[in-house]
Each structure stands twice: as structure tokens, then as C-alpha cells.
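For reference, the structure discussed in these notes is given below.
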Protein chains: 2
Amino acid sequence: MSPNPVTDLGGYLKEQREQAELSLRQLAERSGISNPYLSQIERGLKKPSAEILQALAKGLRISAEQLYVRAGILDATVDGEIVPDTRRVINADPLLTAKQRKVLIDLYDSYIED
Amino acid sequence: MSPNPVTDLGGYLKEQREQAELSLRQLAERSGISNPYLSQIERGLKKPSAEILQALAKGLRISAEQLYVRAGILDATVDGEIVPDTRRVINADPLLTAKQRKVLIDLYDSYIED
DNA sequence: GCATCGTGCTAACTGCAGCTAGCACTATGG
DNA sequence: CCATAGTGCTAGCTGCAGTTAGCACGATGC
């Protein structure tokens, strides 16, 4: 599935941070937490609360649910969970022209097809 | 949408507990937490972590998501949503890296913003 | 009367999340 | 060569989540 089978929350966070090209301090400031604490979270020395995870998700511009699942406080897709299929949503977006849809879908496919 | 306009987490928990006809100690034991602490949570004196909420949800046989929303660590949104917001779906897609998300979002924005 | 069992609550402690201050290191560049 | 600005990390503290021990009050029952 995922290109990198990261199991731990800290490693996942670090990976996301680096892919977003943010330094520890930058992400910490954007998330409103201290940089030493973020460092400790990434190395698995401290485990953050849901509030912190929410703030980090915001700072990383990703959804909090993902982090909750990683942190083990949300079960991944238990009850008819709505994990919307991105391709379908793009295809159904009325704000896009057919051509734009195709570009986005092609780009998206190039990302997820490893 | 919600049948009962309970605003506070503690009151909501107490309500759920009483509807399940459980005493403080019973729910506390089923959830694996101490009864004084549960008492303080219900009266709003302490605010529980996500782990505790998860345990309480299990003890009450309700979904953790509801409690997370009450606790303000999850945005209510999702299930009532009719037309999913493309930007959000892209941002929440676990198959994408942060960088890829950014590219897609930027491209998407360039399409719809004009 | 007084055991005793159930209810929820208070008091007081422990552990750890999350903080501030500051260190060590590597560029840059004057 | 030293300044200074960036990186991540360690040390040490504070606040509060969550604990155990035990209190006060009502029911039941002998």
C-alpha cells in the first residue's frame, strides 16, 4: 500500500514534516507547541495528547484523523467509515472542467501508483 | 441533527451512563478508570485524554468519535456532508505525501480560483 | 438500635505531558 | 578568522491528568 510502512507515530510525523520541508522549529511554531517537545515526540520519547496531535495536523495541513489512527486512539475505518475516494471526488467536482479533472486525476494516479 | 442539545462533555457522559443504567463505579470499572476520576470528569473538573475517552466509549458501548467531537478534538462534519470538499479530501488522503498534497492542492486552487 | 452495602464525593499523592533556558554543531559571509 | 543564524538536542521545572484511601449519606436487613 503505502510506499513507506512506517509504524510509529513519531517517525510518521517526522516524515511528514520533512516532506513538507519544515524545520522542527517551523512546524512547532505553526502548531503552537515548543520545539523541544516536538523533537521528543518525533523520537518517541513523549506521547502527545489529542490536542497536540490536532495542532500538529493543522500545522502539517493534514487531517487529524490520520494522526489519531497512528496514535491508536481511533480505529482505522471500523464502522462504515467514510474514507472518500479521492479520484471519485475529483471526478465529481462541479467546479472543474473535464480537462482539469483529467490533469488532476493523472497527476494523482502518478503519485499513488508506485 | 443531534437529538439532544447537550453542550458539555461531562453532562453528556453522565447522561449516557444513566441511560445505560450504570453506576459511577460500574462504568469506571468497565472502562478501567478510577471512579473518583470519572466523577470529576462528569462534573467538568477534569478533562480526560483521548485514551480515557476511548475507554469510556467502550464501557458505554458507544462510538469514540462522538466523544471526540464533544471533547473538541474532532470536527463534527463528516457524516452529514453531502458533497465532499475536494480540497479536504485531498488533504486527508493517506496515500499522498505532504508534498504531493501540496502540489495537488495548489493546482486545484489555481483551477477554481478565478 | 448497628452492621453493611451501595451511592457519589474529597484529600492527597504520583507520574508524565509540555514548558523555558540553554548547549553543541554546521553552514554562511564579512 | 570570528560573528550570527540556522539546525536539533539535553536539563530541569510546572501543571494537571489520573491514582489510592477514605469520608458522608441512604437504603436495606438483622
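Chain letters run A, B, ... following the sequence lines, proteins first, then strands; residues in each count from 1. Computed from heavy atoms alone, side chains included, the values below leave out hydrogens, waters and symmetry copies.
At least one side-chain heavy atom of B:L9 sits less than 4.5 Å from a side-chain heavy atom of B:P48. A 4.5 Å side-chain heavy-atom check between B:E65 and B:L74 finds at least one atom pair inside the cut-off. Side-chain contact between B:L56 and B:I62 is absent, with no heavy-atom pair separated by less than 4.5 Å.
Nearest-nucleotide assignment on DNA chain C puts the 5′-proximal partner with B:L24, out of A:N35 and B:L24. Between B:I33 and B:R25, the residue whose closest nucleotide on DNA chain D is further toward the 5' end is B:I33. Place A:E42 and B:K47 on DNA chain D by their nearest nucleotides, and A:E42 ends up nearer the 5' end.
Within a 6.0 Å sphere centred on CD of A:E29, heavy atoms belonging to other residues, nucleotides or ligands number 12 at most.
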Checklist entry - Do B:I33 and B:L27 pass the side chain to side chain contact (heavy atoms under 4.5 Å, CB included) test, and can you show the C-alpha distance, the side-chain angles, and the key distance before you say yes or no? => result CA-CA 8 Å; B:I33 72 174; B:L27 176 56; over 6 Å; no

Checklist entry - So B:Q54 and B:Y68, side chain to side chain donor-acceptor pair (under 3.5 Å) or not? Walk me through it. => result CA-CA 9 Å; B:Q54 194 181 32; B:Y68 291 167; 4.6 Å; no

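Backbone-only contact: B:S23 has heavy atoms under 4.0 Å from sugar-phosphate atoms and none from a base. Across all strands, B:S49 comes closer than 4.0 Å only to sugar-phosphate atoms, never to a base (heavy-atom distances).
The footprint of chain A on DNA chain D, defined by a heavy-atom cutoff below 4.0 Å, extends from D:dT7 to D:dT10. Heavy-atom contacts of chain B under 4.0 Å fall on DNA chain C between two terminal nucleotides, which in 5' to 3' order are C:dT7 to C:dT10.
Distance OG/B:S31 to CD/B:Q26: 11.0 Å, rounded to 0.5 Å.
Between the side chains of B:Q100 and A:Y108, no donor-acceptor pair of N or O atoms lies under 3.5 Å.
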